[in-house]
2 protein chains.
Amino acid sequence: MSDDQQKLARYAKALGHPVRVYVMQLLGQQSCCYSGDLSEELPIAKSTLSQHLKELKDAGLIQGEIEAPRIKYCVNKENWSEAQELFKTFFKI
Amino acid sequence: MSDDQQKLARYAKALGHPVRVYVMQLLGQQSCCYSGDLSEELPIAKSTLSQHLKELKDAGLIQGEIEAPRIKYCVNKENWSEAQELFKTFFKI
DNA sequence: TTCGTTGTTCGCAAAAATACGAACAATTTT
DNA sequence: AAAATTGTTCGTATTTTTGCGAACAACGAA
């Protein structure tokens, strides 16, 4: 069980929920977003959304920047690239 | 939250554990494998491994074929291709 | 038919994920 | 300073995941 397999599993796990996939896909289209934007579109409680964002942050896929009184979320490009590479290799693309 | 996002999340979830990534990666190199082969290489109980294989089977990523007294596991090519496409699009490769 | 091999299923336990509302904190607006 | 906005954290409950050993089932071999 290699290090890359561990990392891939970690990223996959973070993407293992529809809400989190949705968020990442949105951040692919528009570079940033705010929790409030998401909250309007998604049928979940704010606290639940916050937890999903935390999961993505903990996995390293996104990062938050304070822009008072809001928080601007963006893709963590470095880790996103890593995930991209890992999945690319995994699927032998 | 689209259907594709649901599917992607489902596949990602199935790949969200190192053991399961390991199994899929092995099946990428050699077309098939037996539970016994994996059991020797992985530091987990047979019953635990069996559960992980069931997860991959339930997600549609692998399929088992009886080859008494063993079970031959292979990649489910159709679903694997689907997953491949979904991730490809997701990562904009 | 009895034994051995292979792998699943069962029963259990502990940990993690999911989800919600209420309370809280930080900052801006009034 | 008071009120409004934004989003996190807390407390709680439910469900799912992970893991093990023991028991079981299916089949081939002796």
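Both backbone and side-chain heavy atoms feed into the values below; hydrogens, waters and symmetry mates do not. Order of the sequence lines sets the chain letters (A, B, ...), proteins ahead of strands, with each chain counted from 1.
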Given atom CD1 of A/I62 and atom C1' of D/dG7, what is their separation to the nearest angstrom?
13 Å

When rounded to the nearest 0.5 angstrom, what distance separates NE2 in B/H17 from CD in B/E55?
9.0 Å

Spacing of B/I66 atom CD1 relative to D/dA25 atom C1', expressed in whole Å:
11 Å

Just say parallel, tilted or perpendicular for the rings of B/F91 and B/F87, cut-offs at 30° and 60°.
parallel

Verify side chain to side chain contact (heavy atoms under 4.5 Å, CB included) between A/N76 and A/E78, making sure each step is shown before the conclusion.
CA-CA 6 Å; A/N76 182 319; A/E78 197 177 315; 3.7 Å; yes

Contact between B/N79 and B/I62 at the side-chain level, heavy atoms closer than 4.5 Å - yes or no?
no

Is there a side-chain contact between B/K46 and B/L38, using heavy atoms and a 4.5 Å cut-off?
no

A/I71 CD1 to D/dT5 P, straight-line distance once rounded to whole Å:
18 Å

For the residue pair B/K7 and B/E82, establish whether any side-chain heavy-atom pair is separated by less than 4.5 Å.
yes

Strictly below 4.0 Å, heavy-atom distances to any atom of DNA chain C: list the hits from residues 9-36 of chain A, or just say none.
A/K13, A/H17, A/R20

Can you sort out which residues in residues 43-57 of chain A have a heavy atom within less than 4.0 Å of DNA chain D? Ascending by number, please.
A/K46, A/S47, A/S50

I need the CG-P distance between A/L42 and C/dA19, as an integer number of Å.
11 Å

Is the side chain of A/T48 donor-acceptor paired with the backbone N or O of A/I44 at a distance under 3.5 Å, no angle test?
no

Rounded to whole Å, how long is the line connecting atom CD of B/E65 with atom C1' of D/dA26?
16 Å

Please report, to 0.1 Å, the donor-acceptor pairs under 3.5 Å made by any side chain of residues 19-36 of chain A, with sequence neighbours excluded.
unit_1 : atom_1 : unit_2 : atom_2 : d
A/R20  : NE     : A/A14  : O      : 2.7
A/R20  : NH1    : A/H52  : ND1    : 3.0
A/R20  : NH2    : A/K13  : O      : 3.4
A/Y22  : OH     : A/E41  : OE1    : 2.4
A/Q25  : OE1    : B/Q5   : NE2    : 2.8
A/Q30  : NE2    : A/C32  : O      : 3.0
A/Y34  : OH     : A/E67  : OE1    : 2.4

